[in-house]
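What you see below is based on every heavy atom in this structure, not just the backbone, and it leaves out hydrogens, waters and symmetry mates.
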Amino acid sequence: MANQGLFSAAKSMKSVKLKFRIPYFTEWGQSLLVCGSEPTLGSWNVKKGLLLSPVHQDDQLIWTATISVPCQFSCGYRYYVVDDAKNVLRWEMGNERRLSIPHLLPEGHTLELHDLWQTGADALLFRSAFKDVIFCKNSTFNIDRPEAILHDELVQQESILVRFKICCPNVQEGTSVYVIGSSTKLGNWKVQDGLKLHYTGEYIWEAYCVIPRGDFPIRYKYCKYGKNGCFSLEVGSTRELSVNSSKSQSQYIFLSDGMLREMPWRGCGVAVPMFSVRSEDDIGVGEFLDLKLLVDWAVESGFHLVQLLPINDTSVHRMWWDSYPYSSLSVFALHPLYLRLQALSKNLPEDVKSEIRNAKERLDGKDVDYEATMATKLSIAKKVFMQEKDLILNSSSFHNFFSENEDWLKPYAAFCFLRDFFETSDHSQWGCFSNYSKDKLEKLVSKDALHYDTICFHYYNQFHLHLQLSEAAEYARAKGVVLKGDLPIGVDRNSVDTWVYPTLFRMNTSTGAPPDYFAKNGQNWGFPTYNWEEMSKDNYGWWRARLTQMGKYFTAYRIDHILGFFRIWELPDHAMTGLIGKFRPSIPLSQEELEREGIWDFDRLTRPYVRKEFLQENFGDSWILIAANFFKEYLDRYEFKEECNTEKKIAAKVHSCAEKSLLPESEDKIRCDLFDLLKNIVLIRDPEHDKSFYPRFNLEDTSSFRDLDDHSKNVLKRLYYDYYFHRQDKLWQQNALKTLPALLNSSDMLACGEDLGLIPACVHPVMQELGLIGLRIQRMPSEPDLEFGIPSQYSYMTVCAPSCHDCSTLRAWWEEDEERRHQFFKSVIGSDDLPPSQCVPDLAHLIIRQHIESPSMWAIFPLQDLLALKEEYMTRPATEETINDPTNPKHYWRYRVHVTMESLIKDKELKTTIKDLIQGSGRSYPHIGEAERQLSRETAALALGKQ
C-alpha cells in the first residue's frame, strides 16, 4: 500500500510567493511592517513581523515585501508603522484583513496583494450603529462567492487575473455593484457591459477578471447600478492599475480598494436626558420604556439617533445631589430612578396600583423632584419585590442575568447595603469593611445573611432595569434608530469602583478642567484621577468591561471629556475650585531648568503672594480682623496659617467664623476673596517631587507675577507657553494612543469624543487617526480666531449642534447675552438690523437649517432647541430649559420637558417642519410606511399599557 503520509508531506512542501504592496507616507525613522496570525508573519508578535521596503513611484511611496508561503495558505494580517526597534507607533484601524490563497494557484507563482491603509474613518461603517441599525436592512444580500479562474486560461491568453474588491455598506435592495473601466473586460466604461461584483459578506463585494496584458495600464471606477436604471459612479479620481511589461511579472493580483467613494452618509439626531422625558405613564421622571415613544417621534421627524446623558446609578448621597448623572456610584449598575413600576409584574395588587396612580399625580411637576421620586419608586418596588421575589429570583431569565453580571452585581448590592447600614458611602468609615476582599463580599451576599432580602432587592431592581432598557434598545434598533449613550470621564470617589479597585485610582487627587468657555475659573469635579500605569497591567480591563456593558444597550456613545485620555487636569484633594491644577501626565519645569534661566526664589513663586495692601483692598476696614484669623506675618508679606492653608481648610474656618458671627461680610464673599489670595501664585510645586514645578494657569493675571522683575516675567511667560502648548504634545499623543484603542476595541459601538475646551495640537490628528468623531458647538468654536463656528466649514468627522447640556439652550443664550446676540446676527445671519430680543421660530429654523446642511456626519439637536421651532412650546421661560450650569458644582439636574411624548407624536406640524429640513439637506432619514407606523403605535400601546 502506498504511504499516504509521505505524499501528504510532499504536497505540503509546495509553496507560492506572496507579495505585499501598500502605499503609505512615513516620517523619518519610521517603517511599515505586516504582522499576522501565522508564524511566517510573526503570530501577531509585531517584533517578529515582516518589514516592508519603500520605493518611490510617481508621487507615492510604495512599501513592498515578498515571502514564500505554503500553497492554500490562509491567515489574518494587519499593517503597522514601527520605529527602528520595531516598536509600534500606529496601526491601521478596522477589522483584521483575511487572506486565503485560491487552491488553483500554481506552485511557484506569485500573488500580489495591492492593499490600501485602513483609516479610522474606513472602520466606522463596521460599527454597530451602521452595521446593526442604519444599514442592517442593506445586509440581507445572499453570500455569493465569485468563481476562481483556471491557470491554463491565463497562460493561453497571456493575461493577468485581477480580483477586484471594494467595501460598500449602503447598497439598497435591487442594486448591484459593478466595476467599469478602460478594458473591454470592464465594459469600456459602459455599466451594462461592466464587471458585476459578488457580495461576499461584511459589506464586501468581489469579482475575478482575466485581463489581457495589452490592456494595461487599466483605468477604472466602481459604481452602483439598480434594476430601475439608477446609476451612481464613485466620486474622486479614476483608479489605475499598472503592471510590468515583463512576462515574469505576476499573473495574479488581488486588489483591496478600500471604500467605494460616494457622498458621505450624514444623519440627524435628538439629544435629551433620560430624566427630562415626560410621558403619560411615567412617575415623576423619564423612564427607560419611554424611549420607545421617543424613538417613534424621532423616526417620524426624520431622526436616525437618540442621545442620552449617563444612566448609571448615582445614589451616593441619597439626596438631590445625586441628580448629577456624571458622578456614578457604579459604572455598571443602572439607575433605579428610570424603573417603570407598572412593568414589574402582571399581577400588581390593587393597593399598589392605587399607590402608583397617586404617585403619578403627585410627582407630575414642572421639574424632577429627585428625592421624592426615588423614595417613592424604591418604596413601591420593595412591596412588589416582597410579593414576587421567589418567582423572579428562581426564574431562568434571572439566573442568566445574574451569571452574566455577578462580577459587578454582587459588589454593587453589598455596597448599597453597607451604604445604608453605615449611613454613608464613604467606605473609609466602614470599619472592617473599608478594605474590600472577595471573602468579605461572599459573607455579605451569603444566602444565610439576615439581610439577604436587602441584597436580593438590589439584584431585583437591576434585573428589571436591564429588561426594560433592553426592550427599549431593541425597539430602537428595529426602527433604524441609533441609541447613543454617554461614558463619564470619572467616578465618584465614594463608589463601588473605588472600593473594589482602589489601586486603579489616585485617591489623593481630584479631576477637573482648566478655565474655558464653560467656567472662567476652571472646574473641580471631585473625581479621583486614574492610575493609568496600574490600569495598563491588564490591558485596561476595567475600561473594557465598562464598554462591553454599555454595548448591551447602546450602538453609539459619547466619550465625556475625551481630553482626559490625552491628559487630565489634576487637582489636590484639598482643592474645592479648579484653577490651581496641573496636567497629568506632563513634563514639568525642573528646578535645574529654572535655575539655568536665572529663576531662584522658589518660595516666592510657589507660596501665596499676600501683601498688606491686598488685604486692605479686599476686606477694607476689616482687614485686621481677617489677618488675625487667617494669616501670620512673613517677612514683608502675610502667609496663611497652617490651619487654613488649603481651600477646604479655609472654607471650614470661614464657616466656623460665620457661625460665631465673626465675619464682617457674607460667608461666600469672604471665602471667595480668601480663595483668590490663596491662588495668587506663579508656580505650583509637585507634592511628590519637590524639584519639579508647574506654571499656574493664567499666571499673567496674578499680582504675584506682575510684581516680578522684567527678566523673570519674560522667562516665566516663555516657559508657560512652552508647558501648555508645546512640550507635552508627543507625550499626550502617546498616552492617547495607548488608552483610547483599548476603549474602541472593546465594543462595536460608534464612538464620539467631546473635544471642547482647551484643545492641544495633538488631539484632532489622533482622533482622526482612530476614527473618533469630534463635537462642534457654534458658539464655542475650536478655531481661536473665530467668535462663532461656521457649520458649512465643519469637517465630516464631527457632530454639530447649536447647544449641548453643558451650556444654555439656543433660546436662553439668545436672551442672556445681548452683545454676542448682536454680533451673531451680524456675522452669522448677515444682517445689520437690530436682532429680535427672543429666539423666535424663524430664527431657530435658520440656525437649525445651517447645522442640518453642514458637512458633519451627525447634526444632533437638544430637544429644547427643536421645540423652539414652534411658538406654542416657547411659553416656558428659556432659562428653565437649561440642564446644567458647569460653574455650579452643586447644580440640581432636574429639567423636564413640559410636553409629553404622546403630545409631540400627535403634533404633525412640528414633525413636518423638522422632516422637511432634513429631507431638503441630503441627509439620510428613516423610511416608515403607514402600515409600519400603525404597527408601531399598537405595539407601543400594548407594551406601555400592560398591567
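- A cation-pi arrangement is not found for Lys131 relative to Phe126, the charged atom failing to lie both closer than 6.0 Å to the ring centre and inside a 45° cone about the ring normal.
- In this structure, Lys890 forms a cation-pi arrangement with Trp321, its terminal cationic atom sitting closer than 6.0 Å to the ring centre and no more than 45° off the ring axis.
- Expressed to the nearest 0.5 Å, how far CD of Glu350 lies from CG of Leu348 amounts to 9.0 Å.
- Annotation: cation-pi geometry not satisfied between Arg127 and Phe130 (NZ/CZ under 6.0 angstrom from ring centroid, within 45° of ring axis).
- Using modelled atom types, one finds a donor on one side chain and an acceptor on the other under 3.5 Å when comparing Thr900 with Ser903.
- By the 6.0 Å contact criterion, CH2 on Trp320 is enclosed, its count of non-hydrogen atoms from other residues, nucleotides or ligands being greater than 12.
- Evaluated for a side-chain contact (heavy atoms from CB on, under 4.5 Å) with Phe288, the options Leu339, Val277, Ile311 yield exactly one hit, Ile311.
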Does the side chain to side chain contact (heavy atoms under 4.5 Å, CB included) test come out yes or no for Arg419 and His427, once each step is laid out?
CA-CA 8 Å; Arg419 172 202 61 198; His427 39 82; over 6 Å; no
Going through the checks in order, is the side chain to side chain donor-acceptor pair (under 3.5 Å) test met by Glu388 and Ser345?
CA-CA 8 Å; Glu388 302 219 333; Ser345 172; 2.4 Å; yes
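- Proximity of a side-chain donor or acceptor of Asp497 to a complementary backbone N or O of Val331 within less than 3.5 Å is detected.
- Not counting sequence neighbours, Asp426 has no partner by the salt bridge (Lys or Arg N to Asp or Glu O under 4.0 Å) test.
- Residue Lys552 qualifies as enclosed at atom NZ: its count of foreign heavy atoms under 6.0 Å is above 12.
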Going through the distances and angles, do Ser327 and Asp492 end up as a side chain to side chain donor-acceptor pair (under 3.5 Å)?
CA-CA 5 Å; Ser327 187; Asp492 197 286; 2.7 Å; yes
Please report the C-alpha distance between Asp290 and Ser279 in whole Å, then the side-chain angles of each, then the deciding distance to 0.1 Å, and finally whether the side chain to side chain donor-acceptor pair (under 3.5 Å) criterion is met.
CA-CA 7 Å; Asp290 289 329; Ser279 78; 2.7 Å; yes
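- No donor-acceptor distance shorter than 3.5 angstrom exists from the side chain of Thr555 to the backbone of Met749, with no hydrogens or angles considered.
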Worked check of salt bridge (charged side-chain N to carboxylate O under 4.0 Å, His left out) between Lys360 and Glu280:
CA-CA 9 Å; Lys360 282 175 60 177; Glu280 294 173 2; over 6 Å; no
Pair Asp907-Tyr873, side chain to side chain donor-acceptor pair (under 3.5 Å): steps then yes or no
CA-CA 11 Å; Asp907 189 337; Tyr873 300 126; 2.5 Å; yes
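- Listed for the Lys410 side chain is no donor-acceptor partner under 3.5 Å among the backbone atoms of Leu441.
- Partner Tyr557 forms a side-chain contact (heavy atoms from CB on, under 4.5 Å) with one of Leu308, Leu547, Asp486, Leu750 and no other, that one being Leu547.
- With Val285 as the partner, the side-chain contact (heavy atoms from CB on, under 4.5 Å) test is satisfied by one option alone out of Lys377, His335, Met274: Lys377.
- Residues passing the salt bridge (Lys or Arg N to Asp or Glu O under 4.0 Å) test with Glu423, sequence neighbours excluded: none.
- Residues His304 and Pro926 meet the side-chain proximity criterion, which asks for heavy atoms closer than 4.5 Å.
- With sequence neighbours left out, the ring-ring contact (aromatic ring centres under 6.0 Å, His included) criterion links Tyr530 to Phe505, Trp532, Trp542, Trp543.
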